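What follows is a structure written as structure tokens; I'll ask about it next.
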Amino acid sequence: MRVYKQIPNELETGLEAEDVAPSQSDTFERHESGVRSYCRTFPMLIDRAQGSYVYDVDGKRYLDFLCGASSLNYGHNPPELKRALVDYIAQDGVVNALDFHTRAKERFLREFHRVILKPRELDYRVQFCGPTGANAIEAALKLAKKYTGRKSVVSFSNSYHGMSAGAMSVSSSFRRRNEEYLSPAWVNFLPFDGFTGQENEIEFIRAMLTRPGSGYGVPAAFILELVQGEGGVNVASKPWVQALYRLSRELNALFIVDDIQAGCGRTGRFFSFEHFEVVPDIVCMSKSISGYGFPMSILLLNPTIDVWAPGEHNGTFRGFAYSFVTATEALLQYWDRPDFARALGEKSLLLARSLEQLRARYPDAVERINQLGLVCGIKFRSAEAAQRVQRHCFENGLIVESCGPDSATLKLLPPLTAGMDELEGGLRTLLAAMETA
Ligand SMILES: Cc1ncc(COP(=O)(O)O)c(C=O)c1O
């Protein structure tokens, strides 16, 4: 295997950059900011990608169980979506249109309503945000404060909502939090399900938000991931979510679900909240909503809280039409066909069975498995063990990410479109890595 590695600069080696083979060059070390991160864990030079696989410049194939942090739920370059995009480009379809009306956006809105919202009896308006998840979070927080006239929001332990100042302020996830940039005065963190290990966590939350003298006020909103992604694949229980939802109704506070990572089928249903039988006031979506890895981010709003004035949350790239074209095609190719959702159930069962076997086989290494659908967390007893397994997986052609406050959880995010054989192949590589590590 030829590994792309960061070599010392030319002063130390006596080599000009051009003397070095492309995949061995220090271009990134020399020219890209030190802020880069994934490329440090996965030292490779990617050439192309198709389906469940990415290929490096030497032709080595990697099974991708990271999927662009769940922004590629339908795998890489799905052919039907590519065809729709190429057709649109060939017709000189407009590329970016701010929030002008375009046929690409009209079609997306119509099909999203027909394929996703109507069958689930959901009545939401769609707000197009600047194209990152963090921007949807910023919009949701602004709107909640405007609608309720209240200043504070409640967020939860081990949450992650993005890196812009507002989104980071509601993120407690320790690895990501940088206190210097935050304005946390308006955020109250409370325990996510299971965080304290106490039975009456919701009663604690209720007391903090309602009893005089707690120091907390009644919040504008609760914002939460129902399956915490970066925080360690923590799956909330249905009773906890329903009790929190009831509390939000009692307090007239908005219930905002961040479905940026857990949405678009990742949990086995289109929305994560379908498992919990609650209807959020605001849903934040991004990552896989475009279907093709293109930037796109939306809010779904209960129409009664859509109190924005025109232009109050503007942004140049809210109208990137290529995203709308592939997003629409993903709805038609996958969600308009009952077979697709059925297969997700079978795939998540396969993962559950195999991971349970893995846990039973390595009880000294693996503390527990957290899973909902096709997002699975293997919580190791030590971060070192998790990282050793991750490294072995990578060397043997499987890309998996680590997460959690102490990086001790390996998170599997396989493509929803992966075949059973590909899932089994990935699990075999994982098992072999466990054995070696
Ligand atoms: C749950 C959740 N919310 C928000 C975000 C932020 O999205 P973005 O990185 O596109 O700003 C992420 C990104 O990983 C996420 O996982």
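Only heavy atoms go into these numbers, but all of them, side chains included; no hydrogens, no water, no symmetry mates. Atoms within each ligand, like the ligands themselves, are counted from 1 in listed order. Just so we're clear, the structure is a prediction, and the values are computed from it rather than from any experiment.
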So, are D336 and R114 salt-bridged, with charged N and O less than 4.0 Å apart?
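So D336 pairs with R114 through a salt bridge.
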Could you go through F294 and F320, starting from their C-alpha distance and side-chain angles, then the distance that decides it, and tell me whether this counts as ring pair (Phe, Tyr, Trp, His ring centres under 6.0 Å)?
CA-CA 9 Å; F294 281 146; F320 182 54; 5.6 Å; yes
So Y292 and Y322, ring pair (Phe, Tyr, Trp, His ring centres under 6.0 Å) or not? Walk me through it.
CA-CA 9 Å; Y292 205 72; Y322 291 1; 9.9 Å; no
Please tabulate, one line per pair, the protein nitrogen or oxygen atoms found under 3.5 angstrom from a nitrogen or oxygen of ligand 1, with distances to 0.1 Å, or say none if there are no such pairs.
residue: ligand 1; atom: 3 (N); partner: D258; partner atom: OD1; Å: 3.4
residue: ligand 1; atom: 3 (N); partner: D258; partner atom: OD2; Å: 2.7
residue: ligand 1; atom: 10 (O); partner: G133; partner atom: N; Å: 2.8
residue: ligand 1; atom: 11 (O); partner: G133; partner atom: N; Å: 3.4
residue: ligand 1; atom: 11 (O); partner: A134; partner atom: N; Å: 2.8
residue: ligand 1; atom: 14 (O); partner: K287; partner atom: NZ; Å: 2.8
residue: ligand 1; atom: 16 (O); partner: Q261; partner atom: NE2; Å: 2.7

Check side chain to side chain donor-acceptor pair (under 3.5 Å) between S237 and all other residues, then give those that pass, not counting sequence neighbours.
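For S237, the residues satisfying side chain to side chain donor-acceptor pair (under 3.5 Å) (neighbours in sequence not counted) are D193.
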Before you tell me yes or no, could you show the steps for H31 and D26 under side chain to side chain donor-acceptor pair (under 3.5 Å), namely the whole-Å CA-CA distance, both residues' side-chain angles and the distance that decides it to 0.1 Å?
CA-CA 8 Å; H31 299 301; D26 60 351; over 6 Å; no
Tell me if a side-chain donor or acceptor on R61 pairs with a main-chain N or O of Y55 at a distance below 3.5 Å.
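Between the backbone of Y55 and the side chain of R61 there is no qualifying donor-acceptor contact (under 3.5 Å).
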